[in-house]
Amino acid sequence: MTVSRLGAFCDRLTSARLHGWVVVAVAGIAFLGTISSPPSMLDDVDSAYAQVARDMLQSGDWVTARLNGVPYFDKPPGQVWAIALSFAVFGVHDWAARLPAALAAMLLCWLAWRIGRWSLGEVGGLYAGIGLATCCGLFLFTRVRIPDIYVACTTLFVLACFLRSQEGSLRQARAHMRRAGAALGVGLLFKGLVAVALPAGAIALYMLAAGKWRSGDAWRRLGLPGAFAITLLVAAPWHVLAILRHPPLFELALDSGPGMYRGFFWRYFINEHLLRYLGLRYPADYSRVNIAWLWLGHIVWLFPWSGLLAGLHKIGLGTADRKRRTHSLMLCACGFTLLFFSASTTQEYYTLPAYAPAALLFASAAVSSGPLLRWCARAAATVYGCASAAALVLLVAVRSLPAEGDIASALTSNPEAYTLALGHFHDLTLAAFAYLRGPLALAALALALGALGGWLLRQKWAAAALACAALLFLHAAHWAMGAFDPYLSSRPLADTYLRSPPGQLILDREYYAFSSLAYYTNQPVMLLNGRKNNIEYGSNAPGAPDVFLSDSDLPGLWAQQRPVYLAAYEEDRERFKRLLGAGRLHTLAAAGGKVLISNRSVPSQSAAN
């Protein structure tokens, strides 16, 4: 009876009318289920964008983003607006800062299901949505506040509108493209011109490959004037206001360096778009990811479904029917995205807009070939099995190792590897896994279940087992990230500051190094030797606050009667002993290789601010 009831329940879950809800539920488990803390908000852009959003909400200025009071022109405001609105509705919480990206990831998976259902059939849509929700890359690259997930949504929506414009009347086609124009406008507000370049480049490549660039009807169906007008209607108001508020209006100089100020237009359009793409931007904060890894890394980012790459050569291309048009356009989208970023300074997560098109192609390959799906499931299951065995070996190896203090004491430092998404894996030592026993055990269980299901179950049920195992593994990864809190976040220092008497807070090096400290304390901070990187340009703007200190300014500030707090790296302690005197340094907190020191031996207060 139990088995028959379980089978009936599974049949209901796989009925066509429930596929969309299943996709949303799976995506919700993956993304909404991992927005809680721990882990805390991370240093660098994660906390920086959250604090910019809070400052925007508190100031009421929804045009100019400010980082620690300094005008910040590097990015459009879409993500900051989304977080600020979340704060306005739910209050300032870590989960509220993460909620917009989680909802965007769920929307992306739902869109993949809708497009797959429309073009590939019911099962194809289900495979596309669940495959996207459970792939490694989408989870990994939504752990921090970066806007690429929103661009992935707008890009996929534009591609869907274009596909629908290829059918029906001319009036219907242009209506679809006006919706695409609105999505392009939204994308511009989240990521800038790249949000237009990616879908436009994919469509142009498709039209070129299909020979439609010579067809007058194809161009009429695009309805470019109407679509462009809608794009301007959505995106132009903020751009115009920002340009007018921060002159000079249209500076076009192509040189970039420190100490200059040329207004919003130059910084945003010339420096952050043109010069960044050409690798001439100042500051040169991003290096070029190895091109081979930029391409081959997608075997990891799309796992456990990347084995379906082997079947892509069998899918039909062309324009003869809806399915072939979808194949062709999604292939163009993947190819153009990778080629576009191969030509510039880039990060691995820049190609996130290609994940959904890839998931649709994989779904079609899986639907069209049962043996291919079986082979992919067993290949992934083999990897799962090996990884599960490795996790068990590690659990045995660290069973008697101590886990005292925080994990930072067991990590090495390899800054040359941090340009890669998995660069911090190089920091792990055997002793570090002693702090990860719980997550490691859950990961071993998840991987073992995936291995068994992938080998023992048949086709779609094997794929379901892999998806369930992936969900469990993603939650193990979320749990593990909490162990890295002291290392990747400055929240322990913030907690100590909030229990101490009010005083001036100073961050050493730069804002991003301790941005979570500014976020959790919600205090304006002084930056010691921090007039560099992205905050440097805005510091030259008229009326920008003077929040910068040099080493020569610190002794006088340190001699004041009121408390002064300095957040720094442990490795810099000797420098401050020489600068301020060893007897004048009072360590209040130390965690993750970072310290909070004060000019006074201040008692902690039980009532936090």
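- Checking side-chain atoms of Ser36 against main-chain N and O of Gly33 turns up no donor-acceptor pair under 3.5 Å.
- Taking every heavy atom of both residues into account, Glu536 and Gly259 meet most closely at OE2-N, 2.7 Å.
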(request) Please test Asp551 against Arg578 for salt bridge (Lys or Arg N to Asp or Glu O under 4.0 Å), starting from the C-alpha separation and ending with a verdict. (result) CA-CA 11 Å; Asp551 281 354; Arg578 294 191 300 270; over 6 Å; no

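- More than 12 heavy atoms of other residues, nucleotides or ligands shown are found within 6.0 angstrom of CZ on Phe31.
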(request) Go through the steps for His246 and Tyr261 under the test side chain to side chain contact (heavy atoms under 4.5 Å, CB included), then give the verdict. (result) CA-CA 10 Å; His246 303 283; Tyr261 181 75; 3.8 Å; yes

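- The minimum heavy-atom distance between Leu528 and Phe576, with the atom names listed, is CD2-CE2, 3.6 Å.
- In this structure, Asp553 has no salt bridge (Lys or Arg N to Asp or Glu O under 4.0 Å) partners at least two apart in sequence or on a different chain.
- No donor-acceptor pair closer than 3.5 Å links the side chain of Asp427 to the backbone N or O of Leu411.
- Judged by a 6.0 Å distance limit and a 45° cone about the ring axis, Arg54 is positioned over the six-membered ring of Tyr519.
- Although no hydrogens or angles enter the test, the distance criterion places no donor-acceptor pair under 3.5 Å between the side chain of Thr155 and the main chain of Ala152.
- For the residue pair Pro524 and Asn68, the shortest heavy atom distance occurs at CA-OD1, 3.8 Å.
- No close placement of the Phe484 and His424 rings is indicated, their centers lying 6.0 Å or farther apart.
- Annotation: side chain of Leu585 is in contact with side chain of Trp558 (closest heavy-atom distance under 4.5 Å).
- A donor-acceptor pair under 3.5 Å links the side-chain atoms of Ser256 to the main chain of Tyr282, judged by distance alone.
- A distance below 6.0 Å separates the ring centres of Phe73 and Phe264.
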(request) Would you check, one step at a time, whether the test ring-ring contact (aromatic ring centres under 6.0 Å, His included) holds for Trp238 with Tyr268? (result) CA-CA 13 Å; Trp238 173 78; Tyr268 181 74; 5.7 Å; yes

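- A donor-acceptor contact closer than 3.5 angstrom links the side chains of Asn540 and Arg531.
- A salt bridge links Arg281 and Asp74; the closest N-O separation between the charged side-chain nitrogens and carboxylate oxygens is under 4.0 Å.
- A salt bridge links Glu272 to Arg276: one of the charged nitrogens lies within less than 4.0 Å of a carboxylate oxygen.
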